[in-house]
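Taking it in order: structure first as structure tokens, then the write-up.
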Amino acid sequence: MTKKSVYSLIAILIVLGIYGYEHFLKVEEKVEIVAEGEEVKQNTNEYFLPTSTTGQIVHHEGYSLSYSEPHEQAEWVAYELKKFHLSNTNFKRPYFEVDKAVKTGAADWRNYKNSGYDRGHLCPAGDRSYSKFVYEETFLTSNISPQDHAFNSGIWNTLEQKIRYWASKYDGVFVVTGGVLKGNMKTIGSERVAVPNQFYKVLIDNNSGKTKMIAFLMPHENSNKPLYEFVVSVDSIEKLTGIDFFPQLDDTLENTLEASSSYKDWSFN
DNA sequence: CTGCGTAAC
DNA sequence: GTTACGCAG
């Protein structure tokens, strides 16, 4: 077989793949869209939602969020990352859109333009690549926060990848993430989108038998330190943000797990 | 993977 | 406004 015919074969396979996607998987999207506006929630997607300090919780298919209008961004974004969500699909990045589900009006993406800051995903696009619909849904302005590029593509990206590793290893984790919207913060754009000085992620694994948690608090700057140096207790993030993370848990269990800053149950290898 | 900016239509 | 492409950490 010549090199040329190999390329041709690959091209044909790709075309067939796209055809199959357009004609079969899209049916699934329509079903999801219908279900979106209703109280249809599966699995634990709602069970582990934190409290909202702003009173505005918005549910999307692939994640839920609590929007803070004064800061023009979410105070938290929460979603479950299951093993089967992980895929190697490579969807084209769409443009960001204003989230119309936010009643007070989500930030316009133009606030970020030439601001010097990334439109940093809170629910990463890489965590919602199991369908085109949920992938594109992460490109809503309610799901982003201004992030320094070196931070976003550096230590923050490393943490996101570690979470995918854990999701695979433990068959799923529930993730809550956001910027700490407190204190003096810079703002960008005409809508004055706040630039958090710290970002956090709180994880709970309720799939491996024994419930376990881990929390990370990172200064908004890149770092070469190992990830475990950013581990803190869930309690400390609750104190910083005013958010109650897992009120659905049995109180005794919640108190014990949230007080701990141990990471012995989480593999960093 | 995480993103940006520029050019052309 | 939308699309395509190259580039960087």
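For the pair A:Phe91 CZ and B:dG3 C1', the interatomic distance rounds to 19 Å; values are reported in whole Å. Here B:dG3 presents its P atom at 6 Å from CG of A:Asp118, a figure rounded to the nearest Å. The nearest whole Å value for the distance from the NZ atom in A:Lys113 to the P atom in B:dC4 is 11 Å. For A:Phe151 and B:dC4, the CZ to P distance is 15 Å, given to the nearest whole Å. Atom pair A:Trp109:CH2 and B:dG3:P shows a separation of 16 Å (rounding to whole Å applied). Spacing between atom NZ of A:Lys162 and atom P of B:dT2 amounts to 16 Å, rounded to whole angstrom units. Nucleotide C:dG1 holds its C1' atom 12 Å from the CD atom of A:Glu97, rounded to whole Å. Rounded to whole angstrom, the span from the CD1 atom of A:Ile155 across to the P atom of B:dG3 amounts to 15 Å.
Of the charged side-chain nitrogens involved, at least one lies within less than 4.0 Å of a carboxylate oxygen, so that A:Lys210 and A:Asp265 count as a salt-bridged pair.
Every residue meeting the side-chain hydrogen bond (donor to acceptor under 3.5 Å, both in side chains) condition with A:Thr104, not counting sequence neighbours, appears here in chain and number order: A:Gln56, A:Glu69. With sequence neighbours excluded, the residues satisfying side-chain hydrogen bond (donor to acceptor under 3.5 Å, both in side chains) with A:Arg164 are A:Asp127. For the side-chain contact (heavy atoms from CB on, under 4.5 Å) test, residues two or more places apart in sequence or in another chain that qualify with A:Ser261 are A:Ser233. Residues satisfying the side-chain contact (heavy atoms from CB on, under 4.5 Å) criterion with A:Asp171, sequence neighbours excluded, are A:Lys83. With sequence neighbours excluded, no residue forms a salt bridge (charged side-chain N to carboxylate O under 4.0 Å, His left out) with A:Asp235. For A:Asp118, the side-chain hydrogen bond (donor to acceptor under 3.5 Å, both in side chains) criterion is met by A:His149, A:Asn152, not counting sequence neighbours. Under the side-chain contact (heavy atoms from CB on, under 4.5 Å) criterion, A:Lys100 pairs with no residue at all, not counting sequence neighbours. Remark: A:Arg110 pairs with A:Asp108 by the salt bridge (charged side-chain N to carboxylate O under 4.0 Å, His left out) rule, at least two apart or across chains. By the side-chain contact (heavy atoms from CB on, under 4.5 Å) test, A:Leu257 pairs with A:Thr211, A:Met213, A:Leu253, sequence neighbours left out.
Look at A:Arg93 and you won't find any side-chain N or O under 4.0 angstrom from OP1 or OP2 of B:dG5. Within the structure, a side-chain polar atom (N or O) of A:His121 is placed less than 4.0 Å from OP1 or OP2 of B:dG3.
A:Arg128 comes within contact range of no nucleotide atom at all, as no heavy-atom separation falls under 4.0 Å. Residue contacts shown for A:Glu160 are limited to sugar-phosphate atoms, with no base heavy atom under 4.0 Å away.
In terms of position on DNA chain B, the residue among A:Arg119 and A:Asn90 whose nearest nucleotide sits closer to the 5' end is A:Asn90.
Checked by atom type, the side-chain pair A:Thr54/A:Ser66 shows a donor-acceptor distance below 3.5 Å.
Contacts between residues 163-170 of chain A and DNA chain B, defined by a heavy-atom separation below 4.0 Å, involve A:Arg164, listed by number. For residues 186-197 of chain A, proximity to DNA chain C is found at no residue, defined as any non-hydrogen atom under 4.0 angstrom from a strand atom.
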Please tabulate, one pair per line, each protein N/O and nucleotide N/O from nucleotides 2-9 of chain C that are separated by under 3.5 Å, including the distance.
unit_1	atom_1	unit_2	atom_2	d
C:dT3	O4	A:Tyr95	OH	3.0
C:dA4	OP2	A:Lys92	NZ	2.9

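Both cation-pi conditions hold for A:Lys212 and A:Tyr170: the charged atom is under 6.0 angstrom from the six-membered ring centre and inside a 45 degree cone around its axis.
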